[in-house]
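Step one of this worksheet: look at the structure below.
First the proteins, then the strands, lettered A, B, ... as listed; each starts at 1.
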Amino acid sequence: MNRPVCVRLPPSPTGLLHVGSARTFVYNWLFARGVGGRVVLRFEDTDTERSTAGAIEQALRVLGWLGIDWDDGPYRQTERFPLYAAAAARLVTSGAAYRCYCTAEELEAERERRRAAELPLIYGGRCRSLDSAQQAAFEAEGRGFAVRLAVPREGVTSIVDVVRGSVEWDNALLGDHVIMRSDGSPTYQFANPFDDIDMGITHVIRGEDLLSSTPRQLALYQALGAEPPTYCHLPMVLGTDKKRLSKRHGAVSVEEFRDRGVIADALVNYVALVGWSYDDHTTYMTRGELRERFTLERVNRSPGVFDPDKLEWLNGEHLRALDAGAFTALLLEHLQRIGSRLADQPARVAEAAPLAHEKLRLLSQFEGLCGFLFGPVEIDPIAWDKVAAEPEAAQSLAAVLAELAGVAEWRAGAIEAALRAACDATGLKPRVVFTPVRVAITGGTVSPGLYESLELLGRDESLARIRAAAGRLATAA
RNA sequence: GCCCCCAUCGGCUAGCGGCCUAGGCCCCCGCCCUUUCAAGGCGGUAACACGGGUUCGAAUCCCGUUGGGGGUACCA
């Protein structure tokens, strides 16, 4: 049977959106959009201890920022509890599941016994064969119960995973897992596959960490007589120490990268490349290219290390591919989001944006590069030391001041001519003449183009800053 | 302990038996361009984990070893 493709994005709202999850969402989305399938958004908040409403809001915003959309939802599993309860009750009635009265202590004792005997640490199934009298006795004792699925104990469960090929498990090693907790809430192992069945999910694309729970979930499909989905287990995303990516590795959430000035298209592009490639040489891809090129068949098997350096480089590529208007808009949006003082002068940002466009890898670098255009200069001490150590600095500034005085129209072209003239007049190299000017007006040795910077700064302010530097040099000498 | 997955340069990867004296990108190192820094151009260092097979031929197939990762919850 060939059902219309349908995937799901199942965030568990317990914190910031991890780039590993983002990668999974991107693959689901790229795959579904590429084949004209549907996307369902479903918050898996059955862990009520750790789930928060704030995290849901946050996830919604981040998904929007990433440009990942969906056709159905957002659902919240906590709003579907009655469904799970009813389904579990039916399962118990049919004998596919059963009540387990074991206490936490009893369970722990059993695990200990198994550990000692070097046996697999699974539930032995004590309550699976309780007769009604024994059940009644436990109930009379006032013991609560959880519901466990009666998982087959013989044979093997196997799948043909899109990326891993065929994988199989010995059913004897599975054990009966809990599907309903004693407080009446469903577990992930139940709610997740139940919803997948209920929502008609055809392709389960998720991290490899979930590979080993597949046979348990398949047991539910079997108990419910549902057609299993196509599975696709993605390789893990690791940190530089080859351990699963976590906060220890620095920035790991989409929000953090966004606030550093990574743009959505770059993040989507980068993340798509950890675990997948289009060919032997393509790196930069637009969202549209990704959509049309992505296939699950080219997802690879081995885990990949998340490399912030390459992400930043790619971000620079995406930034440079933007036209001036789009770049400025994104830059402004970023400055506003992080609450930068520069956001108060949007017109100035628009003027300065072109000067920084070719240089940035991250939008957050804009402030450091162009901040001198937005207020008083702060001279970097190290940069100033270089100027002070240059014997020709004073002479250079004086010559530049003299030449600049004759500039009729304060434009980059005329300014350049004046600076060149200063070089000729003093017989000094441009490098020697320009450095003190650069430090005087921008405060540092790294800046956008000098002529353009001077033009934008304006005649009066530029001359004032150069005079101030000359004065400071004279005082020091 | 038990189960599952994985294994090409420092990182991301191409490679699906001969096209590989292993290609691309990031990082790093030189050089060029240049008013600084970026960007760009050119060049360089650097990998098939190991051991057995199979084959005329193995990075590619099989087995084992080692190493890494994941799971083993009334977390997801």
Residue A:Lys310, side-chain atoms from C-beta onward, closest of B:C6, B:C27, B:G24: B:G24
Rounded P spacing from B:G70 to B:C33 in Å: 50 Å
Geometric class of the A:Tyr284/A:His318 ring pair [parallel <30°, tilted 30-60°, perpendicular >60°]: tilted
Pairing partner (Watson-Crick or G-U wobble, both distances under 3.5 angstrom) of B:C48: none
Touch class at under 4.0 angstrom, heavy-atom based, for A:Glu452 against every strand present: nothing
Sugar-phosphate only, base, or nothing, as touched by A:Arg301 at under 4.0 Å among non-hydrogen atoms: sugar-phosphate
Selection from B:A39, B:C4, B:U35 that lies nearest to any side-chain heavy atom of A:Leu450: B:U35
Atom-pair distance (CD on A:Gln77; C1' on B:C74), nearest Å: 16 Å
A:Thr46 vs B:A76: side-chain N/O to OP1/OP2 distance below 4.0 Å: yes
Validation row, ring centre A:Tyr27 to ring centre A:Phe294 under 6.0 Å: yes
Base B:C37 paired with A:Thr445 side chain (donor-acceptor, <3.5 Å): no
Nearest-Å distance once atom C1' is located in both B:C63 and B:G1: 25 Å
Minimum-distance nucleotide (side-chain atoms of A:Val274 versus B:C27, B:G1, B:C12): B:C12
Sugar-phosphate, base or nothing in reach of A:Ile122, heavy atoms under 4.0 Å: nothing
A:Arg361 side-chain N/O to B:A39 phosphate OP1/OP2 under 4.0 Å: yes
A:Arg143 to A:Tyr101 six-membered ring, cation-pi geometry met (6.0 Å, 45°): no
Separation of B:A38 P from A:Asn315 CG (nearest whole Å): 17 Å
A:Val446, nearest nucleotide to its side chain (from B:U36, B:C12, B:U35): B:U36
Sugar-phosphate only, base, or nothing, as touched by A:Leu273 at under 4.0 Å among non-hydrogen atoms: sugar-phosphate
Centroid-centroid distance, A:His177 to A:Tyr123, less than 6.0 Å: no
Qualifying side-chain hydrogen bond (donor to acceptor under 3.5 Å, both in side chains) pairs with a residue from residues 357-372 of chain A, counting only residues at least two apart or across chains: A:Ser340-A:Glu367
For atom CG of A:Leu238 and atom P of B:G70, their distance in whole Å: 8 Å
Any-strand Watson-Crick or G-U partner of B:G1, both distances under 3.5 Å: B:U72
Distance between C1' atoms of B:A59 and B:G18 (Å, rounded): 13 Å
Parallel, tilted or perpendicular: rings of A:Tyr231 and A:His233 (30°, 60°): parallel
Ring centers of A:Tyr270, A:Phe257 separated by less than 6.0 Å: no
Along RNA chain B (nearest heavy atom to each residue), the more 5'-positioned of A:Pro235 and A:Arg216: A:Pro235
Sugar-phosphate only, base, or nothing, as touched by A:Ile179 at under 4.0 Å among non-hydrogen atoms: nothing
Any A:Arg99 side-chain nitrogen or oxygen under 4.0 Å from OP1 or OP2 of B:C74: no
Separation between the P atoms of B:A14 and B:G71, rounded to whole Å: 25 Å
Shortest side-chain distance from A:Tyr451, nucleotide among B:U35, B:A76, B:C37: B:U35
Pairwise P distance, B:C4 and B:G11 [rounded to whole Å]: 28 Å
Selection from B:C26, B:A14, B:C6 that lies nearest to any side-chain heavy atom of A:Asp280: B:A14
Short side-chain N/O contact to B:G71 OP1/OP2 from A:Arg244, under 4.0 Å: yes
First encountered from the 5' end of RNA chain B, between A:Ser182 and A:Arg298: A:Arg298
Nearest-Å distance once atom C1' is located in both B:G44 and B:G67: 31 Å
Touch class at under 4.0 angstrom, heavy-atom based, for A:Tyr270 against every strand present: nothing
Closest nucleotide among B:G69, B:C4, B:C5 to the A:Lys243 side chain: B:G69
Sugar-phosphate only, base, or nothing, as touched by A:Gly449 at under 4.0 Å among non-hydrogen atoms: base
Residue-phosphate contact under 4.0 Å: A:Arg111 side-chain N/O, B:U72 OP1/OP2: no
Sugar-phosphate, base or nothing in reach of A:Ser277, heavy atoms under 4.0 Å: sugar-phosphate
Minimum-distance nucleotide (side-chain atoms of A:Lys242 versus B:A38, B:C3, B:G11): B:G11
Sugar-phosphate only, base, or nothing, as touched by A:Glu208 at under 4.0 Å among non-hydrogen atoms: base
Sugar-phosphate only, base, or nothing, as touched by A:Arg206 at under 4.0 Å among non-hydrogen atoms: nothing
Sugar-phosphate only, base, or nothing, as touched by A:Arg320 at under 4.0 Å among non-hydrogen atoms: sugar-phosphate
Sugar-phosphate, base or nothing in reach of A:Thr282, heavy atoms under 4.0 Å: nothing
Sugar-phosphate only, base, or nothing, as touched by A:Leu211 at under 4.0 Å among non-hydrogen atoms: sugar-phosphate
d(CG, A:Leu174; P, B:A73) in whole Å: 12 Å
Separation between the C1' atoms of B:U8 and B:G23, rounded to whole Å: 12 Å
Of the listed nucleotides B:A76, B:G70, B:C12, the one nearest the side chain of A:Gln189: B:A76
Closest nucleotide among B:A39, B:G11, B:U13 to the A:Glu317 side chain: B:A39
Separation of atom CZ in A:Arg431 from atom P in B:C33, rounded to whole Å: 13 Å
Side-chain donor/acceptor contact of A:Arg438 with base of B:U35 under 3.5 Å: yes
Parallel, tilted or perpendicular, as decided by the 30° and 60° cut-offs, for the rings of A:Phe190 and A:Tyr84: perpendicular
Between C1' of B:G71 and CG of A:Leu121, the distance in whole Å: 11 Å
Sugar-phosphate, base or nothing in reach of A:Ser12, heavy atoms under 4.0 Å: sugar-phosphate
Euclidean distance, atom OH of residue A:Tyr278 to atom P of B:G15 [Å, nearest integer]: 12 Å
Whole-Å P distance, B:G40 and B:C27: 9 Å
Length of the CZ-P vector between A:Phe372 and B:U36, whole Å: 16 Å
